[in-house]
Participant: 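Structure in structure tokens, see below.
We name chains A, B, ... by the order of the sequence lines, and we start the count at 1 in each one. Owing to the predicted nature of the structure, the values given are computational and were not obtained by experimental measurement. Computation of the quantities below employed the complete heavy-atom set of this structure, encompassing side-chain atoms and omitting hydrogens, waters and symmetry-equivalent molecules.
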There are 2 protein chains.
Amino acid sequence: MQKKKYNISVEATLEVIGGKWKCVILCHLTHGKKRTSELKRLMPNITQKMLTQQLRELEEDGVINRIVHNQVPPKVEYELSEYGRSLESILNSLCAWGEKHLTKVYGDKFSVLEDSVLNEQLK
Amino acid sequence: MQKKKYNISVEATLEVIGGKWKCVILCHLTHGKKRTSELKRLMPNITQKMLTQQLRELEEDGVINRIVHNQVPPKVEYELSEYGRSLESILNSLCAWGEKHLTKVYGDKFSVLEDSVLNEQLK
DNA sequence: CCGAATCCATTTTGATACTG
DNA sequence: CAGTATCAAAATGGATTCGG
């Protein structure tokens, strides 16, 4: 295994959860197992390509599990792995900070459709 | 002010601290005020251009202060703003997770030159 | 010399069409 | 439904230049 040099440990974290989508995916998975199409609906602006790609990388880094059900049409689910759950408090803090930030920037009424609500809609 | 739509609040957080460098910059600033050249030395792989650009954006979002000393040669310092300090616990958690992750991946001995050490070297 | 700006190459991400 | 392929756009990187 090639040992990569980091100048500060947060760079190692960013290698796992950095980029435009990984934190968003992981945040959604903190609310439970989700299949690919659910994630796609929760993230209307991600492309299929990026979703697949980011999920693969998260799986490679061991923070999510990929569960394939052998059936037609295909059904694939993703969930936080045990290791991934060590990120949960960080993910929750990131979400919480974003909410406060939006309140600060836009005032009390801002446009986040909470995923708890979205999850309801998906049922 | 244009109201942007987010599908989950973490997206608002990522708009402020996302991208390849912002978390790294902010982590360094949690250890105190730094001038541009110090940050550059703490981040050997960032280009001057990106450093300047990211610092401008962090300043625009109100998480850092830019302090210009009118002297020759020029001296510019950056520090976490009061608002930026609301990110400190998140930044510390991100660093801590990275350390644990490196230990898990590479074993007990890994190649992060702690910035406390680097800060000493810079004196 | 320091901090920043400009120009162009490379990498990452996006849009669309397509496959089993 | 889940994933792939191709091409286009955006973000990031490298080298150089500039003002003070």
Participant: Kindly say if B/Arg35 contacts the phosphate of C/dC2, meaning a side-chain N or O under 4.0 Å from OP1 or OP2.
Facilitator: no
Participant: With ring pair (Phe, Tyr, Trp, His ring centres under 6.0 Å) as the rule and sequence neighbours excluded, what pairs involving residues 34-57 of chain A come up?
Facilitator: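 Sorted pair list comes back empty.
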Participant: Separation of A/Lys22 atom NZ from C/dT12 atom P, in whole Å?
Facilitator: 11 Å
Participant: When rounded to the nearest 0.5 angstrom, what distance separates CD1 in B/Ile64 from CG in B/Leu55?
Facilitator: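 These two atoms lie 4.5 Å from each other.
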Participant: Which residues pass the side chain to side chain donor-acceptor pair (under 3.5 Å) test with B/Ser86, sequence neighbours left out?
Facilitator: A/Trp97
Participant: What pairs of residues pass the salt bridge (charged side-chain N to carboxylate O under 4.0 Å, His left out) test when at least one of them lies in residues 65-85 of chain A, not counting sequence neighbours?
Facilitator: none
Participant: For residues 49-60 of chain B, which residue pairs pass the salt bridge (charged side-chain N to carboxylate O under 4.0 Å, His left out) check, not counting sequence neighbours?
Facilitator: B/Lys22-B/Glu57
Participant: Rounding to a whole Å, what distance do you find between A/Met43:CE and D/dA2:P?
Facilitator: 12 Å
Participant: By a strict heavy-atom criterion of less than 4.0 Å, which residues belonging to residues 51-66 of chain B are in contact with DNA chain C?
Facilitator: B/Thr52, B/Arg56, B/Arg66
Participant: Hey, could you give me the NZ/CG distance between A/Lys40 and A/Asn45, rounded to the nearest 0.5 Å?
Facilitator: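 A/Lys40 atom NZ to A/Asn45 atom CG measures 7.5 Å (nearest 0.5 Å).
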Participant: Can you tell me if A/Tyr78 touches the phosphate of D/dG3, counting only side-chain N or O atoms and a distance under 4.0 Å to OP1 or OP2?
Facilitator: yes
Participant: Can you tell me the distance, in whole Å, between the CD1 atom of A/Ile25 and the P atom of C/dT13?
Facilitator: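 After rounding, the reported distance stands at 11 Å.
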Participant: Report, as a single string ordered 5' to 3', how protein heavy atoms within less than 4.0 Å touch nucleotides 14-20 of chain C: B base, S sugar-phosphate only, - not at all.
Facilitator: BB----B
Participant: Determine the sole option in A/Leu42, A/Ile17, A/Leu58 for which the side chain to side chain contact (heavy atoms under 4.5 Å, CB included) test with A/Ile25 is passed.
Facilitator: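 The residue from A/Leu42, A/Ile17, A/Leu58 that satisfies side chain to side chain contact (heavy atoms under 4.5 Å, CB included) with A/Ile25 turns out to be A/Leu58.
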Participant: Specify the separation, in whole Å, of atom CG of B/Asn70 and atom P of D/dG19.
Facilitator: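 It works out to 19 Å between those atoms.
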Participant: Any chance you could measure B/Leu87, atom CG, to A/His101, atom NE2, to the nearest 0.5 Å?
Facilitator: 9.0 Å
Participant: Using whole Å, what does the distance between atom P of nucleotide C/dG3 and atom CD of B/Gln71 come to?
Facilitator: 10 Å
